[in-house]
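Sequence positions, counted from 1, serve as the residue numbers for this chain.
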Amino acid sequence: VQLQASGGGLVQAGGSLTLTCAASGRTASMYAMAWFRQAPEKEREFVSAISSESTYKYYADSVKGRFTISRDNGEKTVYLQMNFLKPDDTAVYYCVIGPTTVKLRTGEADYWGQGTLVTVSS
């Protein structure tokens, strides 16, 4: 499985961005997927996860109510809609894939994509 993330960029505080992660591989739609982020000089942190059939969705407290995760299994794509962005959201965002959302939330991913940089200016 390979993961290709895109959609990052520079946005003003209060603005919105949508990140996209396209997965390759026949079984990609059977996996849970998630987003992590890492800000400069900070630890990598969990952002959001979604189960294989979109039944379960999880969010970090810091993004709850502002970010929405979704997926299109036909397109093998997961999205992260980010609204009301804050300067603290500035980070490289990584797409990951793994067997369950429980494992993904702890960082136990089978595959990591390359990151996409989100910069939020104040």
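Ala32 and Arg71 get closest at one heavy-atom pair: CA-NH1, 3.9 Å. Residues Leu10 and Ser121 approach most closely at CD1-CB, 4.3 Å, considering heavy atoms. The shortest heavy-atom contact between Thr55 and Ser51 is N-OG, 3.0 Å. Of all heavy-atom pairs spanning Met33 and Cys21, the tightest one is CE-SG, 4.2 Å.
In this structure, the side chain of Tyr31 does not engage the main chain of Val96 through any donor-acceptor pair within 3.5 Å. Of the possible polar contacts, one joining the Asn73 side chain to the Ser52 backbone as a donor-acceptor pair under 3.5 Å is found.
Residues passing the side chain to side chain contact (heavy atoms under 4.5 Å, CB included) test with Gln114 are Gln4, Ala5, sequence neighbours excluded. By the side chain to side chain contact (heavy atoms under 4.5 Å, CB included) test, Val120 pairs with Val11, Ala13, Leu85, Pro87, Asp89, Thr90, Val118, sequence neighbours left out. The side chain to side chain donor-acceptor pair (under 3.5 Å) test applied to Asp110 returns no partner, not counting sequence neighbours. In this structure, Lys86 has no salt bridge (Lys or Arg N to Asp or Glu O under 4.0 Å) partners at least two apart in sequence or on a different chain. Take Ser70 and apply the side chain to side chain contact (heavy atoms under 4.5 Å, CB included) test, not counting sequence neighbours, and it matches Tyr79. Legend: residues meeting side chain to side chain donor-acceptor pair (under 3.5 Å) with Thr18, ordered by chain and number and at least two apart, are Gln81. A search for side chain to side chain contact (heavy atoms under 4.5 Å, CB included) contacts involving Asp88 returns nothing, not counting sequence neighbours.
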What donor-acceptor contacts under 3.5 angstrom involve side-chain atoms of residues 97-109, with partners at least two apart or in another chain?
unit_1	atom_1	unit_2	atom_2	d
Thr100	OG1	Lys103	N	3.1
Thr106	OG1	Lys103	O	2.8
Thr106	OG1	Glu108	OE2	3.2

Return a table of donor-acceptor pairs under 3.5 angstrom between the side chains of residues 39-49 and protein atoms on other chains or two or more places apart.
unit_1	atom_1	unit_2	atom_2	d
Glu45	OE2	Arg37	NE	2.6
Glu45	OE2	Arg37	NH2	3.0
Ser48	OG	Tyr58	O	2.9

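Between Tyr59 atom OH and Leu80 atom CG the span is 7.5 Å, to the nearest 0.5 Å.
The list of salt bridge (Lys or Arg N to Asp or Glu O under 4.0 Å) pairs with a residue in residues 1-18, not counting sequence neighbours, is empty. Residue pairs meeting the ring pair (Phe, Tyr, Trp, His ring centres under 6.0 Å) criterion with at least one partner in residues 91-112, sequence neighbours excluded, are Phe36-Trp112.
Chaining together hydrophobic side chains whose heavy atoms lie under 4.5 Å apart leaves Phe84 on its own.
Grouping the Ile, Leu, Val, Met, Phe, Trp and Tyr side chains by contacts below 4.5 angstrom, directly or via other members, places Leu17 apart from Val92.
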